[in-house]
Novice: 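This is the structure I have questions about; it appears just below.
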Amino acid sequence: MWDYVKLVVYGVIAVLAAIGANYAHDPAYMVNALVVMLAAAIAFVYELRHVGEVRVHPANEYMDGVVRAGVIATTFWGVVGFLVGVVIAFQLAFPSLNLGNVTDGVLNFGRLRPLHTSAVIFAFGGNGLIMSAFYVVQRTSGTRLWGGNLGWFVFWGWQLMIVLAATSYVLGGTQSREYAETVWYIDWWIVVVWLAFLAAFVGTLVNRKEPHIYVANWFYLSFIITIAMLHVVNNLQVPVSIFSSQSVSVFSGVQDAMVQWWYGHNAVGFFLTAGFLGMMYYFVPKQAERPVYSYKLSIIHFWALIFLYIWAGPHHLHYTALPEWASTLGMVMSIILWMPSWGGMINGLMTLSGAWDKLRTDPIIRMMVISIGFYGMSTFEGPMMSIKAVNSLSHYTDWTIGHVHSGALGWNGMITFGALYFLTPRLWNRESLYSLKLVSWHFWLATIGIILYASSMWVTGIMEGLMWREVDANGFLVNAFADTVAAKFPMYVVRGTGGLMYLAGGLIMTYNLWMTVRAQPAKAVVNANNAVPAE
């Protein structure tokens, strides 16, 4: 009976999407409607071919299929996101690479930039967080992922969101909110998928066989719950039409700016920090084969981070119409936030106590350690940049870009690479990775690439800020904006080169993971289905 209900639902969605495409007011809406129609048609055909099949979900085996799919998606979207990032970096250095006149604007920097940020944050990072959360919560709870096929709904629902977002961006569909460019109907879909993610995660914790909830799960849970709240409030929009991708925010003026940066900074704080700390607290001890240095410190680190981060957003709005007290509060909270952030860094690094020799022989643990180092550096730099005197120089300059990318490439990227290298041989039941030497190549290419990227942006950002505030004896500005653009050219080329090296490392990783699955010998078969017992 349930199979036929699903067939009806998929059929209705396909028909409604076709109607929406027919009445669409703009290209982004039309293409998105066609994508939904195609996705519903594929799901309909799949269900039709499997009507009547009895699908058994053995409670005594981990649900690793969805995690394997997540590893593949994380790797794929990572390379796509890095590639688009390299393209737009060189577009800034060489404006002739903006092919908008040829492609009706599709390949312009303005449209590719949100494609890049969403690809690396929500496609690469999001898939990495979802698949690692599903892996970690099962292992630390000793039970199968809750909800039957709910995990698969989360996975495919997230991939649909990524495709919808990408196709809308290149066609001009955006609500122009930092890290929240997705249009209103995609925002609704994200809520559905995210609530399913929350249900699967919490259901697994409730059914756990372990009495204790491991600290990594606290970080994952806080990230899931807080992002849900942030996403809903920041995306309160009134659609212009049911057949249009355009919408109007329910907030206006400085209130709108405040809500946006309450969301924007906490997207960094919870999506790109708390979630990845959950990853760190599981995979670093596992790879180092050492217990977490201090469980007490991890609890203090967790609660301090959760309580403080939510207040830090206003520091993005120094010297604006935001009341002085609000931006000062954001600055103070940002400075205080430095201490719990470094508590996490110290806990991660000190977990290697007694195992530092592994850095010489294990490039995976080396990658994890460098990620923690970048986390510590960026969580010092961020509070420093929130200080008003520093912010007056750094804001609106490329220094901010360097700061963001040292954290994103160094912290988020490297810890995810380490998790992928850890998971692939275990999920596909292989003896080991295909090549540790290739992991070393990846490590050095990525590390040098990040250093080139961040240092060039630090140099050009500080230069830019100083040029903007330089005045002559009469108090007139010395430099036109075009002068700063021309002066930045060499650093932009260095930035693009660093990004190219980072992309090359990602391609090497993709080859290494592929060959691990394809060419490495398998371990002894666990059972008839080669599934790992949930215990």
Novice: Check whether any side-chain heavy atom of Met368 sits under 4.5 Å from a side-chain heavy atom of Ile415, and report yes or no.
Specialist: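 Yes, at least one pair of side-chain atoms sits under 4.5 Å.
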Novice: For the OH atom of Tyr220 and the CG atom of Leu129, what is their distance to the nearest 0.5 Å?
Specialist: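 Reported value, rounded in 0.5 Å steps: 6.5 Å.
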Novice: Mind checking side-chain hydrogen bond (donor to acceptor under 3.5 Å, both in side chains) for His405 and listing every partner two or more places apart, or none if nothing turns up?
Specialist: Tyr453
Novice: Could you tell me the separation between the CD1 atom of Ile336 and the CG atom of Leu308, rounded to the nearest 0.5 Å?
Specialist: 6.0 Å
Novice: Between Leu409 and Tyr502, which heavy-atom pair has the shortest distance, and what is it?
Specialist: O-OH, 2.7 Å
Novice: Ignoring hydrogens and angles, tell me if any N or O in the side chain of Asn98 forms a donor-acceptor pair with the backbone of Asn108 under 3.5 Å.
Specialist: no
Novice: Does the Asp483 side chain pair with the main chain of Asn479, one donor and one acceptor, at a distance under 3.5 Å?
Specialist: no
Novice: List the steps and the verdict of ring-ring contact (aromatic ring centres under 6.0 Å, His included) for His301 and Phe219.
Specialist: CA-CA 10 Å; His301 167 220; Phe219 279 97; 5.2 Å; yes
Novice: Donor-acceptor pair, Ser386 side chain versus Pro383 backbone, under 3.5 Å?
Specialist: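 Yes; at least one donor-acceptor contact below 3.5 Å.
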Novice: Taking everything shown except Trp218 itself, do over 12 heavy atoms lie less than 6.0 Å from its CH2?
Specialist: no
Novice: Check whether any side-chain heavy atom of His442 sits under 4.5 Å from a side-chain heavy atom of Met367, and report yes or no.
Specialist: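 Side-chain contact under 4.5 Å: yes.
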Novice: Has the side chain of Thr510 got a donor or acceptor atom that lies under 3.5 Å from a matching backbone atom of Gly506?
Specialist: yes
Novice: Do Asp398 and Tyr492 get their side chains close enough for a donor-acceptor pair, meaning under 3.5 Å?
Specialist: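 Tyr492 and Asp398 do have a side-chain donor-acceptor pair below 3.5 Å.
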Novice: Give every donor-acceptor pair under 3.5 Å between a side-chain atom in residues 194-203 and any protein atom, sequence neighbours left out.
Specialist:
residue: Trp194; atom: NE1; partner: Ile224; partner atom: O; Å: 2.8

Novice: Are a donor atom and an acceptor atom from the side chains of Asn32 and Thr167 found within less than 3.5 Å of each other?
Specialist: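 Thr167 and Asn32 do have a side-chain donor-acceptor pair below 3.5 Å.
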Novice: Under 4.5 Å between any side-chain heavy atoms of Met229 and Thr226, yes or no?
Specialist: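 A side-chain contact under 4.5 Å exists here.
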Novice: Show me the donor-acceptor pairs, under 3.5 Å and distance only, between side chains in residues 12-25 and residues at least two apart or in other chains.
Specialist:
none

Novice: Please examine the side chains of Ile335 and Met384, heavy atoms only from C-beta on, and report whether any two atoms are closer than 4.5 Å.
Specialist: no
Novice: Any chance the side chains of Arg111 and Thr174 put a donor and an acceptor closer than 3.5 Å?
Specialist: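 Short answer, no.
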Novice: Please work out whether the ring planes of Trp411 and Tyr375 are parallel, tilted or perpendicular, with thresholds of 30° and 60°.
Specialist: tilted
Novice: Any side-chain to backbone donor/acceptor pair from Tyr29 onto Gly173? Under 3.5 Å, distance only.
Specialist: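 Here the side-chain-to-backbone pair does not exist.
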Novice: Hey, could you give me the CG/CD distance between Leu329 and Glu324, rounded to the nearest 0.5 Å?
Specialist: 12.0 Å
Novice: Under 3.5 Å, side chain of His316 to main-chain N/O of Gly313, donor-acceptor pair present?
Specialist: no
Novice: Check residues 76-97 and write down every donor-acceptor pair under 3.5 Å in which the side-chain atom is one partner and the other belongs to a residue at least two apart or another chain.
Specialist:
residue: Trp77; atom: NE1; partner: Gln159; partner atom: OE1; Å: 2.9
residue: Gln91; atom: NE2; partner: Leu97; partner atom: O; Å: 3.3
residue: Gln91; atom: NE2; partner: Leu107; partner atom: O; Å: 2.9

Novice: Side chains of Met491 and Ser455: does their closest heavy-atom pair fall under 4.5 Å?
Specialist: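 When only atoms from C-beta onward are counted, Ser455 and Met491 do not touch, as no gap falls below 4.5 Å.
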Novice: Taking all non-hydrogen atoms of both residues into account, name the closest pair between Gly498 and Leu452 and its distance.
Specialist: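 For Gly498 versus Leu452, the nearest heavy atoms are CA-CB, 4.0 Å.
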Novice: Is it the case that the side chain of Asn127 and the backbone of Gly70 share a donor-acceptor pair, with hydrogens and angles ignored and the cut-off at 3.5 Å?
Specialist: no
Novice: Just checking, any donor-acceptor pair under 3.5 angstrom between side chains of Tyr185 and Ser245?
Specialist: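 There is no such pair between these side chains.
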Novice: Please give me the minimum heavy-atom distance between Leu305 and Pro340, naming the atom from each residue.
Specialist: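 Minimum heavy-atom contact is N-CB, 4.1 Å.
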Novice: Indicate yes or no: at least one non-hydrogen side-chain atom of Met457 is less than 4.5 angstrom from one of Lys488.
Specialist: no
Novice: For the residue pair Trp458 / Glu381, report whether a side-chain donor-acceptor contact shorter than 3.5 Å exists.
Specialist: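 Checked: Glu381/Trp458 side chains pair up, N/O donor to acceptor below 3.5 Å.
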Novice: Please determine whether the number of non-hydrogen atoms from other residues, nucleotides or ligands lying under 6.0 Å from atom CH2 of Trp156 exceeds 12.
Specialist: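 No, CH2 of Trp156 has 12 or fewer neighbouring heavy atoms, counting only those of other groups under 6.0 Å.
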Novice: Considering only heavy atoms from C-beta outward, does the side chain of Thr379 approach that of Leu337 to under 4.5 Å?
Specialist: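 No; the side chains remain at least 4.5 Å from each other.
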Novice: With side chain to side chain contact (heavy atoms under 4.5 Å, CB included) as the test, would you mind laying out the steps for Glu178 and His265 before giving the verdict?
Specialist: CA-CA 10 Å; Glu178 187 75 12; His265 192 79; over 6 Å; no
Novice: Heavy atoms only: give me the nearest Ser132-Met279 pair and the separation to one decimal.
Specialist: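 Minimum heavy-atom contact is OG-CE, 3.5 Å.
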Novice: Apply the test side chain to side chain contact (heavy atoms under 4.5 Å, CB included) to residues Ile186 and Ile190: give CA-CA distance (whole Å), side-chain angles for both, the deciding distance (0.1 Å), then the verdict.
Specialist: CA-CA 6 Å; Ile186 303 177; Ile190 290 173; 4.3 Å; yes
Novice: Is it the case that His318 and His395 place a side-chain donor and acceptor less than 3.5 Å from each other?
Specialist: no
Novice: Would you kindly say whether Tyr281 and Asn347 are connected by a side-chain donor-acceptor distance under 3.5 Å?
Specialist: yes
Novice: Residues in salt bridge (Lys or Arg N to Asp or Glu O under 4.0 Å) with Arg177, at least two apart?
Specialist: Asp256
Novice: Go through Val36 and Trp189 one step at a time and tell me if the side chain to side chain contact (heavy atoms under 4.5 Å, CB included) criterion holds.
Specialist: CA-CA 11 Å; Val36 171; Trp189 178 242; over 6 Å; no
Novice: Under 6.0 Å between the ring centres of Phe155 and Phe134?
Specialist: no
Novice: Going by an N to O cut-off under 4.0 Å, is there a salt bridge joining Arg469 and Glu464?
Specialist: no
Novice: How far apart are the closest heavy atoms of Ile162 and Phe122, and which atoms are they?
Specialist: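 Looks like CD1-O, 4.4 Å.
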Novice: Any side-chain heavy atom of Ile121 within less than 4.5 Å of one from Tyr179?
Specialist: yes
Novice: Main chain of Val238, side chain of Trp184: is a donor-acceptor contact present, judged purely on distance under 3.5 Å?
Specialist: no
Novice: Would you sort out whether Ser406 and Met377 count as a side chain to side chain contact (heavy atoms under 4.5 Å, CB included), showing the intermediate values?
Specialist: CA-CA 8 Å; Ser406 67; Met377 183 188 71; 3.6 Å; yes
Novice: What distance do Ile451 atom CD1 and Ser456 atom OG have between them, rounded to the nearest 0.5 Å?
Specialist: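 Ile451 CD1 to Ser456 OG: 11.5 Å, rounded to 0.5 Å.
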Novice: Quick check on Trp152: does its CH2 atom have over 12 non-hydrogen neighbours (other residues, nucleotides or ligands) under 6.0 Å away?
Specialist: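 Yes.
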Novice: For the backbone of Phe270 and the side chain of Thr273, can you confirm whether one donor and one acceptor N or O come within less than 3.5 Å of each other?
Specialist: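 Not a single qualifying donor-acceptor pair exists.
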Novice: Assess whether atom OH of Tyr319 is packed by more than 12 heavy atoms of other residues, nucleotides or ligands within 6.0 Å.
Specialist: yes
Novice: When you measure from the side chain of Ser378 to the backbone N and O of Phe374, does any donor-acceptor pair fall under 3.5 Å?
Specialist: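 The answer is yes, because a donor-acceptor pair under 3.5 Å joins these two groups.
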Novice: Once you round to the nearest 0.5 Å, how far does CE of Met509 lie from OG1 of Thr416?
Specialist: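 Going from CE on Met509 over to OG1 on Thr416, the span is 9.0 Å.
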Novice: Say you draw a straight line from CG of Leu317 to CG of Leu322; how long is it, rounded to the nearest 0.5 Å?
Specialist: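 Answer for the CG-CG pair, Leu317 versus Leu322, is 5.5 Å.
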Novice: What salt bridge (Lys or Arg N to Asp or Glu O under 4.0 Å) pairs are there with at least one residue in residues 18-39, not counting sequence neighbours?
Specialist: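 Residue pairs passing salt bridge (Lys or Arg N to Asp or Glu O under 4.0 Å), neighbours aside: none found.
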Novice: Minimum heavy-atom separation for Leu160 and Ala39, please, with both atom names.
Specialist: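 Minimum heavy-atom contact is CD1-CB, 4.0 Å.
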